[in-house]
Trainee: 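This is the structure I want to talk about, given as structure tokens.
In what follows, every chain begins at residue 1, and chains take the letters A, B, ... in the order their sequences are listed. Note that the structure is predicted; figures quoted are calculated from it, not measured.
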Amino acid sequence: MAINLEFYNTLNRKKEVFEPLNPPNVGMYVCGPTVYGDPHLGHARAAIVFDVVFRLLSHFGYKVRYVRNITDVGHLENDADGGEDKIAKKARLEQLEPMEIVQLYTDQYHKAMDALNMLHPSIEPRASGHIIEQIAMIEEIMENGFGYEKDGSVYFDVVEYNKKNHYGKLSGRVVEELLDNTRDLEGQDDKKNSVDFALWKKAQPEHIMRWPSPWSVGFPGWHLECSTMGAKYLGSPFDIHGGGMDLLFPHHECEIAQSQAANKQDPVKYWMHNNMITINGQKMSKSLNNFITLDQLFEGDHEALDQAYAPMTIRFFILQAHYRGTLDFSNDALKAAEKGYRKLMNSIATASKLSPGEKSTSDIPALVENCEKAIKDDLSTSILISHLFEGVRITNSVKIGEETISKGDLSLLNKMFEDYAFNILGFQAEADQTGQGVIGPLMDLILDIRQDARVNKNFDISDKIRDALTTMKITTKDEKDGTSWTYDE
RNA sequence: GGUCGCGUGGCCGAGUGGCUUAGGCACUGGUCUGCAAAACCAGUUACAGCGGUUCGAAUCCGCUCGCGACCUCCA
């Protein structure tokens with residue numbers, strides 16, 4: 001099943017033809033959220049990008065198992081806080097059970113993902129549910145000579161590993177340089193070398209989340225869960241591993257090292273990384289405290305926001321940029337996305353009601369081919385969208401009689417919108433505009449009354465009705481064959 | 001400090017050697033309309049700076065300036 005799909009592989013720093021290890025099956029693992037805070041725009045970008053990869057692969061006939069984890073064990077806060085678990089810390093602050101926090105923010109995340117019309121992953125494993133597997137993996141690593149214990153904690157011996165393997169193959173780091181450059185940390189560390197990282201951490205007394213292990217009562221290290229769960233559900237090696245660029249180092253680098261050390265296998269064939277969302281040119285992140293949560297975006301409840309933005313506006317905004325470039329947030333950009341998206345959706349609705357003519361004045365098959373070419377070229381969603389807008393122009397031109405389209409091409413055009421706008425890009429038509437229940441007939445009545453007024457040139461009445469409807473966010477359009485209306489939420 | 005990346009028109013954002021008018025938004029003019037809205041047509045504003053390679057560069061190379069990411073939890 002060669003479909004000429006190309007992805008940029010971070011591992012080799014170039015675009016490569018995608019060839020799954022076991023066609024037609026594809027295994028994809030994506031780093032999910034650490035559930036200790038509200039999901040923000042950055043989470044949305046990663047999730048949307050790989051949602052499109054998932055949809056794309058499925059659309060072209062692959063059988064995809066998509067695994068996206070929930071990190072509910074929490075990573076170490078930093079080296080200086082005694083190994084305190086991030087989730088545990090938050091729990092104490094808010095006087096809640098750690099698992100309460102986890103539940104709360106997992107729910108928030110799911111809610112936001114659903115609003116953004118994300119397909120659910122095939123499996124959404126939790127780190128806390130895989131402690132046993134993680135311990136087993138640490139034992140493998142130790143047996144193979146790449147892990148050592150110190151005071152109940154276990155560390156990965158990067159220097160030893162690097163003798164026969166290449167630590168840094170993904171991120172381009174050089175161990176010797178890392179050793180030179182790492183700052184001294186007051187020697188409060190049990191690590192042999194500063195580049196070593198924790199596989200298991202002994203819990204401090206105040207540390208709430210803890211599990212028994214052969215070494216101590218504690219918790220697994222930062223990078224282990226992805227290695228473990230990826231191998232468990234997708235095998236080793238598997239096809240695609242995705243995540244944000246900020247996870248490239250050290251997280252993904254460590255994943256490779258651990259997996260290689262435990263399973264003697266390079267774990268992943270294609271590494272894909274989405275770039276960051278910036279605000280005023282700066283990365284949006286928890287630590288900089290300049291992030292905007294998805295709820296704030298949907299509600300317009302943030303000082304940086306002029307208004308609320310619908311989930312689909314966010315989705316469109318994100319997909320209008322290529323996933324490997326940074327994307328700068330601004331109200332103007334979001335407003336532009338909102339208008340553009342609405343235009344696209346209106347036109348798609350129009351296309352479904354178009355009447356075919358004798359022949360086509362535009363080359364629809366070529367347009368469809370361009371769409372396919374774009375999305376297969378390293379997920380060039382921005383170019384795909386520009387082609388969809390060519391479809392918009394054709395649709396609207398046919399509607400006003402400037403162009404014609406054959407019956408066959410019309411169904412091709414509609415299929416193109418269906419396939420690319422909805423199935424692959426994952427856009428979603430907004431609330432049913434034909435009107436449900438009583439709304440439709442009611443609107444018919446109102447517009448009928450207004451039409452009578454217009455025929456009688458009683459424009460005071462007709463404009464009064466239109467103005468009132470506009471206030472309710474209902475836009476009316478007087479067209480040749482009657483008045484249409486749309487509701488903009 | 002080390003490693004890597006970026007700088008495109010009013011805004012966002014594609015494009016990597018020679019017509020891409022990319023596309024969206026905004027703006028201007030026109031068509032349509034009772035007026036609008038929507039739509040269509042036309043138009044305006046570019047490739048950070050300097051130098052080099054080349055018949056030809058936004059696109060390759062060098063330098064300068066500016067910005068950012070990673071090196072610490074982060075999508």
Side-chain angles (χ1 to χ4, degrees), chain A residues 13 30-34 36-37 39-50 71 74-81 86 168 171-174 177-178 180-183 185 195 222 242-251 273-278 281-288 291 316-317 320-322 324-344 346-347 350 374 380-390 392-393 395-397 399-403 454-455 457-459 462-463 466-467 470 475-480 483-486:
Chain A
R13 311 258 157 177
V30 174
C31 290
T34 303
Y36 71 104
H40 60 75
L41 247 193
H43 293 104
R45 167 113 107 150
I48 287 170
V49 165
F50 292 102
T71 297
H75 300 318
L76 297 175
E77 187 82 0
N78 55 47
D79 282 352
D81 70 357
K86 184 177 281 178
S171 60
R173 301 299 146 106
V174 179
E177 289 176 1
L178 287 172
D180 286 346
N181 289 325
T182 312
R183 354 163 210 170
L185 288 165
V195 288
W222 323 345
M245 245 172 205
D246 49 352
L247 298 178
L248 216 161
F249 189 89
H251 185 58
H273 292 93
N274 62 280
N275 215 319
M276 302 293 103
I277 287 188
T278 57
Q282 249 196 342
K283 177 185 161 185
M284 195 177 276
S285 77
K286 295 227 169 82
S287 40
L288 292 170
F291 62 92
F316 185 85
F317 169 69
Q320 245 192 336
H322 187 85
R324 283 194 286 116
T326 55
L327 172 59
D328 201 47
F329 162 89
S330 72
N331 275 291
D332 286 348
L334 242 21
K335 281 178 196 163
E338 182 175 60
K339 289 212 168 186
Y341 181 70
R342 203 156 275 166
K343 180 174 174 176
L344 177 63
N346 286 340
S347 180
T350 301
S380 296
T381 53
S382 54
I383 294 180
L384 169 55
I385 287 173
S386 80
H387 292 316
L388 292 180
F389 274 103
E390 173 65 8
V392 166
R393 189 194 62 74
T395 298
N396 292 330
S397 294
K399 187 179 183 204
I400 62 172
E402 288 292 321
E403 292 206 30
R454 291 181 66 214
V455 168
K457 300 206 187 298
N458 193 342
F459 297 122
S462 67
D463 287 351
R466 182 174 64 194
D467 292 346
T470 301
T475 307
T476 56
K477 292 172 218 167
D478 298 329
E479 292 157 340
K480 286 198 179 82
T483 299
S484 70
W485 61 278
T486 55

Trainee: Assuming nearest nucleotide by heavy-atom distance, tell me which of A:S285 and A:E402 is located more 5' along RNA chain B.
Mentor: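 First, find each residue's nearest nucleotide; the 5'-ward one identifies A:E402.
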Trainee: How far, in whole Å, is B:rA37 from B:rU31 if one measures between their C1' atoms?
Mentor: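 Between the two C1' atoms, the distance is 15 Å.
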Trainee: How far does the C1' atom of B:rC71 sit from the matching atom of B:rC60, given to the nearest Å?
Mentor: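 It comes out at 30 Å once rounded to the nearest Å.
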Trainee: Mind checking if A:T476 touches a base, just sugar-phosphate, or nothing, with heavy atoms under 4.0 Å?
Mentor: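 Base contact.
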Trainee: Look at the side-chain N and O atoms of A:K343 and state whether any lies under 4.0 Å from the OP1 or OP2 oxygen of B:rC25.
Mentor: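 So the side chain of A:K343 is within the cut-off, an N or O lying under 4.0 Å from OP1 or OP2 of B:rC25.
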Trainee: Of all the nucleotides listed (B:rA22, B:rA26, B:rG24), which has the minimum atom distance to the side chain of A:K339?
Mentor: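 Between B:rA22, B:rA26, B:rG24, the one nearest the side chain of A:K339 would be B:rA26.
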Trainee: Take atom P in B:rA48 and the same atom in B:rU59, then report the distance between them in whole Å.
Mentor: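 7 Å, rounded to whole Å.
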Trainee: Any base atoms under 4.0 Å from A:D463, or only sugar-phosphate, or nothing? Heavy atoms, all strands.
Mentor: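 Base, at least one base heavy atom under 4.0 Å.
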Trainee: Take atom C1' in B:rG51 and the same atom in B:rU45, then report the distance between them in whole Å.
Mentor: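 To the nearest whole Å, 28 Å.
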Trainee: Determine which nucleotide pairs with B:rU20, using a 3.5 Å limit on both distances of a Watson-Crick or G-U wobble pair.
Mentor: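 Pairing partner: B:rA14.
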Trainee: Taking B:rC65 as the reference, what is the distance to B:rA42 when you measure between their C1' atoms (whole Å, please)?
Mentor: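 B:rA42 and B:rC65 have their C1' atoms separated by 39 Å.
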Trainee: I'd like to check the salt bridge (Lys or Arg N to Asp or Glu O under 4.0 Å) partners of A:R173; sequence neighbours left out, ordered by chain and number.
Mentor: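 Listed in chain order: nothing, the list is empty.
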Trainee: Give a yes/no on whether any side-chain N or O of A:R393 is located under 4.0 angstrom from OP1 or OP2 of B:rC41.
Mentor: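 For B:rC41, OP1 or OP2 has a side-chain N or O of A:R393 closer than 4.0 Å.
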Trainee: For the P atoms, the ones on B:rG13 and on B:rU53, what distance do you get once it is rounded to whole angstrom?
Mentor: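 B:rG13 and B:rU53 have their P atoms separated by 35 Å.
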Trainee: When rounded to the nearest 0.5 angstrom, what distance separates CG in A:N274 from CZ in A:R324?
Mentor: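 The distance works out to 11.5 Å.
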Trainee: Reckon A:S462 has a side-chain N or O less than 4.0 Å from the OP1 or OP2 of B:rC35?
Mentor: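 For A:S462, the contact criterion (side-chain N or O under 4.0 Å from OP1 or OP2 of B:rC35) is not met.
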Trainee: Would you say A:K286 reaches B:rA75's phosphate, i.e. side-chain N/O to OP1/OP2 under 4.0 Å?
Mentor: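 For B:rA75, OP1 or OP2 has a side-chain N or O of A:K286 closer than 4.0 Å.
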Trainee: Which part of the nucleic acid, if any, lies within reach of A:M284 when heavy atoms closer than 4.0 Å are counted: base, sugar-phosphate only, or nothing?
Mentor: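 Base, at least one base atom sits under 4.0 Å.
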Trainee: Roughly how many Å apart are B:rG23 and B:rG62, using the C1' atom of each and rounding to a whole number?
Mentor: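 My reading of the C1' atoms in B:rG62 and B:rG23 gives 34 Å.
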Trainee: Let me spell it out: for each of A:R466 and A:I383, pick the nucleotide of RNA chain B with the closest heavy atom. Which residue's pick is nearer the 5' end?
Mentor: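 This one resolves to A:I383.
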Trainee: May I ask you to say what A:F389 touches in the nucleic acid, namely base, sugar-phosphate or nothing, with a heavy-atom cut-off under 4.0 Å?
Mentor: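 Sugar-phosphate contact only.
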Trainee: Please work out if A:H322 contacts a base, only the sugar-phosphate, or nothing of the nucleic acid, heavy-atom cut-off 4.0 Å.
Mentor: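 Sugar-phosphate, backbone atoms only, no base.
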Trainee: Using atom C1' of each nucleotide, how far apart are B:rA46 and B:rA57 to the nearest Å?
Mentor: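 Nearest-Å result for B:rA46 against B:rA57 at atom C1': 15 Å.
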Trainee: Return the orientation label for the A:F317 and A:F329 ring planes: parallel under 30°, perpendicular over 60°, tilted otherwise.
Mentor: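 Rings of A:F317 and A:F329: perpendicular, as their planes differ by over 60°.
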Trainee: Looking at A:E338 and A:K335, is any side-chain nitrogen of the basic one under 4.0 Å from a carboxylate oxygen of the acidic one?
Mentor: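 So A:K335 does not pair with A:E338 through a salt bridge.
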Trainee: Answer yes or no: does a side-chain N or O of A:N396 lie under 4.0 Å from OP1 or OP2 of B:rC40?
Mentor: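 A:N396 to B:rC40 OP1/OP2: side-chain N or O found under 4.0 Å.
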Trainee: Step by step, would you call A:K477 with A:T486 a side chain to side chain contact (heavy atoms under 4.5 Å, CB included)?
Mentor: CA-CA 9 Å; A:K477 292 172 218 167; A:T486 55; 4.2 Å; yes
